[in-house]
Number of protein chains: 2
Amino acid sequence: MATVATRRRTNKARRGESQEKILDAAEALLATHGFNGVSIKDIATAAEVDASLLHYYFATKAGLHAAVIARRADEVNASRLASMQRYAETAAGHFTVEGVLRAYLEPTFAFVRTPDAGRLSYLTLIAQLNSTPTGVIPGAEVTPFDPVIQVFIKLLREASPASSDEDLYWFYHMLSGAISVSWARTGRIDRLSGGLCRSDDFESIARHMIALFAEGLTRDRAGGGVPSADRR
Amino acid sequence: MATVATRRRTNKARRGESQEKILDAAEALLATHGFNGVSIKDIATAAEVDASLLHYYFATKAGLHAAVIARRADEVNASRLASMQRYAETAAGHFTVEGVLRAYLEPTFAFVRTPDAGRLSYLTLIAQLNSTPTGVIPGAEVTPFDPVIQVFIKLLREASPASSDEDLYWFYHMLSGAISVSWARTGRIDRLSGGLCRSDDFESIARHMIALFAEGLTRDRAGGGVPSADRR
DNA sequence: ATTAATTTATTGATCGACCAATAAAGTTGT
DNA sequence: ACAACTTTATTGGTCGATCAATAAATTAAT
């Protein structure tokens with residue numbers, strides 16, 4: 001019953017701005033409180049529309065969540081892909097880990113370097129999604145970013161030919177963790193550092209993230225030592 | 001009113017095992033579904049007790065959450081501290097980033113190298129907490145791990161004297177992200193790597209995490225210079 | 001040592017509030 | 001008139017929490 005998805009067949013619908021208002025409000029609230037921490041009514045109130053309207057456009061709460069994710073996915077993927085293609089042409093044959101890393105990360109940080117506050121919420125939402133077990137959040141089964149991430153890893157492979165595929169994937173695993181906690185803006189590092197670092201200082205975050213992980217993969221082969229052995 | 005906290009003045013209270021059963025069930029369910037994804041009734045059902053009993057012992061849902069966190073905090077802190085103290089004595093004056101990193105991380109990985117499945121849930125819960133904005137999860141305002149983390153950073157400072165405090169705190173920020181996503185066991189890297197990596201392969205995770213971050217901080221100054229000489 | 005008093009543990013019933021979702025009626029623009 | 005949009009009204013269900021009543025164990029009094 002009800003296969004509603006995006007509706008709006010004719011773009012004549014001037015009043016369709018309600019849909020955007022709903023998506024904006026949902027984006028902000030879902031990013032902050034998570035799927036189960038927000039009600040349809042909360043979102044409707046923030047969007048200044050009636051709660052039933054959310055069901056009219058998105059059928060279910062999970063459908064709304066999926067629509068929020070889908071809205072900006074293409075833009076993010078396209079900018080990442082374009083940046084990496086640009087780098088691949090520029091540095092053809094002379095890839096460095098730092099260069100590839102920067103090419104992948106830069107568009108994302110540029111994405112929030114705008115007045116559009118919704119974009120920041122969006123990345124927070126995606127990050128929150130990436131650190132949640134699959135299946136516990138309804139409407140989040142799709143993974144629209146994976147193909148582009150595979151391209152990123154392919155470039156990394158060329159930049160660091162000595163790294164095994166396992167190394168590369170674990171590298172991305174650690175990187176995705178650092179990215180997630182960064183977009184989450186928990187305020188934790190602020191308190192821990194006594195105000196020396198600020199969770200919303202994305203320029204510093206980008207700088208340290210690139211430097212740290214570039215060196216990490218360049219030098220790390222993870223095979224050498226670490227035979228665990230020492231228990232207690 | 002009930003100012004219930006731990007009760008049990010005389011340890012005679014044989015029936016106190018209900019409390020443990022509740023904490024065990026809450027630990028597992030909260031780790032998987034998050035605070036707002038689980039109901040009091042869910043936990044009571046899993047613990048095979050009446051829902052009212054949760055209120056009797058912990059007053060509120062937030063109180064139960066706080067109790068779950070508090071239960072194992074001392075053990076985690078003590079093992080981390082002991083490991084770092086042991087390292088400080090052994091390697092006195094010759095700290096390395098890898099050594100300090102290993103001393104801090106190893107007890108946590110050892111913590112789940114036991115038949116007690118609850119410990120794994122516990123770390124998942126803590127990790128989930130660390131990547132959630134402060135204030136959105138009731139009963140999670142306390143931060144029982146920060147003091148020991150400060151000790152970790154103090155040792156790092158000695159191991160990498162060329163790093164600024166800002167570098168060190170951002171380093172911990174990135175590390176905490178990698179740790180969080182690891183304990184979250186999202187299954188994401190499994191799918192991305194086509195089964196090459198497994199989210200629950202903590203031995204591989206520990207190996208790559210230590211190697212990656214050890215090299216990252218050793219070489220990274222985030223500014224550009226690379227004055228260090230210290231390697232293992 | 002038995003009983004009475006008190007504390008601790010557990011249950012069941014119930015509250016009002018809120019939840020997501022549905023159906024139907026109304027409104028608007030074309 | 002028609003179709004997209006929006007509101008009103010209402011559904012059945014679940015939420016966290018409270019309370020009175022009871023059961024069991026512990027302590028105190030005799």
Side-chain angles (χ1 to χ4, degrees), chain A residues 1-26 29-30 32-68 136-140, chain B residues 1-26 29-30 32-68 136-140:
Chain A
M1 50 192 82
T3 56
V4 190
T6 31
R7 284 295 163 87
R8 181 175 31 181
R9 307 207 301 228
T10 74
N11 55 4
K12 263 292 196 58
R14 304 268 303 167
R15 293 282 167 71
E17 57 191 29
S18 290
Q19 213 174 141
E20 297 288 312
K21 276 176 28 178
I22 293 169
L23 287 171
D24 287 342
L29 289 175
L30 288 171
T32 308
H33 300 96
F35 185 81
N36 290 312
V38 186
S39 71
I40 292 273
K41 200 176 181 181
D42 290 338
I43 298 171
T45 301
E48 295 179 306
V49 301
D50 191 276
S52 291
L53 204 54
L54 311 214
H55 286 107
Y56 172 72
Y57 280 120
F58 309 104
T60 66
K61 190 183 179 183
L64 170 58
H65 190 227
V68 170
V136 313
I137 299 184
Chain B
M1 287 274 174
T3 55
V4 189
T6 29
R7 282 300 161 87
R8 182 175 25 183
R9 308 206 302 227
T10 74
N11 54 5
K12 268 291 195 61
R14 305 267 302 161
R15 292 281 166 75
E17 55 191 31
S18 290
Q19 217 173 138
E20 298 285 314
K21 276 175 30 176
I22 293 169
L23 288 171
D24 287 342
L29 289 175
L30 288 172
T32 308
H33 299 97
F35 185 81
N36 290 311
V38 186
S39 71
I40 293 271
K41 200 175 181 183
D42 290 338
I43 298 170
T45 301
E48 295 176 306
V49 302
D50 191 275
S52 293
L53 202 54
L54 309 215
H55 286 109
Y56 171 72
Y57 280 120
F58 309 103
T60 65
K61 190 183 179 185
L64 171 57
H65 190 226
V68 170
V136 314
I137 299 183

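So you know, we letter chains A, B, ... as the sequences are listed, proteins then strands, and number each from 1.
Close to C:dA9, at under 4.0 Å from its OP1 or OP2, lies a side-chain N or O of B:Tyr56.
Scanning for side chain to side chain donor-acceptor pair (under 3.5 Å) contacts around B:Asp42 gives B:Ser39, with sequence neighbours left out. Residues passing the side chain to side chain contact (heavy atoms under 4.5 Å, CB included) test with B:Ala26 are B:Leu30, B:Ile43, B:Leu64, B:Val68, sequence neighbours excluded. Partners of B:Ser52 under the side chain to side chain donor-acceptor pair (under 3.5 Å) rule, at least two apart in sequence or in another chain, are B:Asp50. In this view, B:Ala66 satisfies the side chain to side chain contact (heavy atoms under 4.5 Å, CB included) rule with no residue, not counting sequence neighbours. Remark: B:His33 pairs with no residue by the ring pair (Phe, Tyr, Trp, His ring centres under 6.0 Å) rule, at least two apart or across chains.
Rounded to whole Å, atom P of C:dA9 lies 14 Å from atom CG of B:Leu54. The distance from atom OH of A:Tyr57 to atom P of C:dA21 is 18 Å, rounded to the nearest whole Å. For A:Ile22 and D:dT7, the CD1 to C1' distance is 13 Å, given to the nearest whole Å. For A:Leu53 and D:dT8, the CG to P distance is 12 Å, given to the nearest whole Å. Between A:Asp50 atom CG and D:dT10 atom P there is a gap of 14 Å when expressed in whole angstrom units. The nearest whole Å value for the distance from the CD atom in B:Glu17 to the C1' atom in D:dA25 is 14 Å.
For the atom pair CZ (A:Phe58) and NE2 (A:His65), the distance works out to 12.5 Å, reported to the nearest 0.5 Å.
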One character per nucleotide, please: for nucleotides 14-19 of chain D, 5' to 3', B when the base has a protein heavy atom closer than 4.0 Å, S when only the sugar-phosphate does, - otherwise.
-SSBBB
